[in-house]
Colleague: 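Next up is a structure, given as structure tokens.
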Amino acid sequence: MRNNRGMTVSEFASPRSIRGIVGVWVVAVVAALALGVLAPVELRAVWLSLGFAGCVVIAFVVQLMGGRAEGFIQRVAASVLGALLAMGLIGLGFGLSSMVGV
């Protein structure tokens, strides 16, 4: 058996990294809700796409501010994927509600 006492936490799983990733997800949810409510129905998809583009830029900025190179691509990918899923699900909800006419 190996001695694992010197094992360290990876850069991806550090609390600071997780806060940065989840922070981008929160921005994505807030942006999707605001854009879904404020944008005209005809232009909602365009505005949600622009909001997602903003989340991609925010993800890069947040991870670059951390100053750690190790795991950078994984952290940005997790941030962007979470933002895409959050905005996609919220956009789906707005799209279905516009079909029903609520």
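Counting from 1, the numbers follow the sequence of the chain as shown.
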Colleague: Should V37 and V29 be regarded as members of a common hydrophobic cluster, given that ILVMFWY residues are connected when their side-chain heavy atoms come within less than 4.5 Å of each other, either directly or indirectly?
Modeller: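 Cluster IDs for V37 and V29 match.
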Colleague: With a cut-off of 6.0 Å (strictly less than), are more than 12 heavy atoms of other residues, nucleotides or ligands near CZ of F60?
Modeller: no
Colleague: Measure across A32 and L48 and return the closest heavy-atom pair with its distance rounded to 0.1 Å.
Modeller: CA-CD2, 3.8 Å
Colleague: Could you state the interatomic distance from CG (L50) to SG (C55), rounded to the nearest 0.5 Å?
Modeller: 11.0 Å
Colleague: If hydrophobic clusters are built by linking Ile, Leu, Val, Met, Phe, Trp and Tyr wherever their side-chain heavy atoms come under 4.5 Å apart, do L35 and L96 end up in the same one?
Modeller: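 No: no chain of side-chain contacts under 4.5 Å links L35 to L96.
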Colleague: Using every non-hydrogen atom in the two residues, find where A39 and R44 come nearest and quote the distance to one decimal.
Modeller: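 Heavy atoms only, the tightest pair is O-NH2, 4.0 Å.
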Colleague: To the nearest 0.5 angstrom, please state how far the OG atom of S49 sits from the CG atom of L43.
Modeller: 11.0 Å
Colleague: Same cluster or not: V46 versus F52, using hydrophobic residues (I, L, V, M, F, W, Y) connected whenever any side-chain heavy atoms lie under 4.5 Å apart?
Modeller: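 V46 clusters together with F52.
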Colleague: Assigning hydrophobic clusters by single linkage (Ile, Leu, Val, Met, Phe, Trp, Tyr; side-chain heavy-atom cutoff under 4.5 Å), is I90 placed with V56?
Modeller: no
Colleague: Show which residues join L81 in its hydrophobic cluster (side-chain heavy-atom contacts under 4.5 Å, direct or indirect), or state none.
Modeller: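 Other cluster members: L85.
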Colleague: For a side-chain contact (heavy atoms from CB on, under 4.5 Å) with Q63, tell me which candidate from V24, I58, I21 qualifies.
Modeller: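 Of V24, I58, I21, side-chain contact (heavy atoms from CB on, under 4.5 Å) with Q63 is met by I21 alone.
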Colleague: Is a side-chain N or O of W47 found less than 3.5 angstrom from the main chain of L38, in a donor-acceptor match?
Modeller: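 Side chain of W47 to backbone of L38, a donor-acceptor pair under 3.5 Å: no, none is there.
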Colleague: How close do V62 and G20 get, heavy atom to heavy atom, and via which atoms?
Modeller: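 Smallest heavy-atom distance, with atoms named: CG1-CA, 3.7 Å.
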Colleague: So how far is it from F94 CZ to L33 CG, rounded to the nearest 0.5 Å?
Modeller: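 With rounding to 0.5 Å, CZ (F94) is 5.5 Å from CG (L33).
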Colleague: According to a hydrophobic-cluster definition based on side-chain heavy atoms being under 4.5 Å apart (Ile, Leu, Val, Met, Phe, Trp, Tyr only), do V80 and L64 belong together?
Modeller: yes
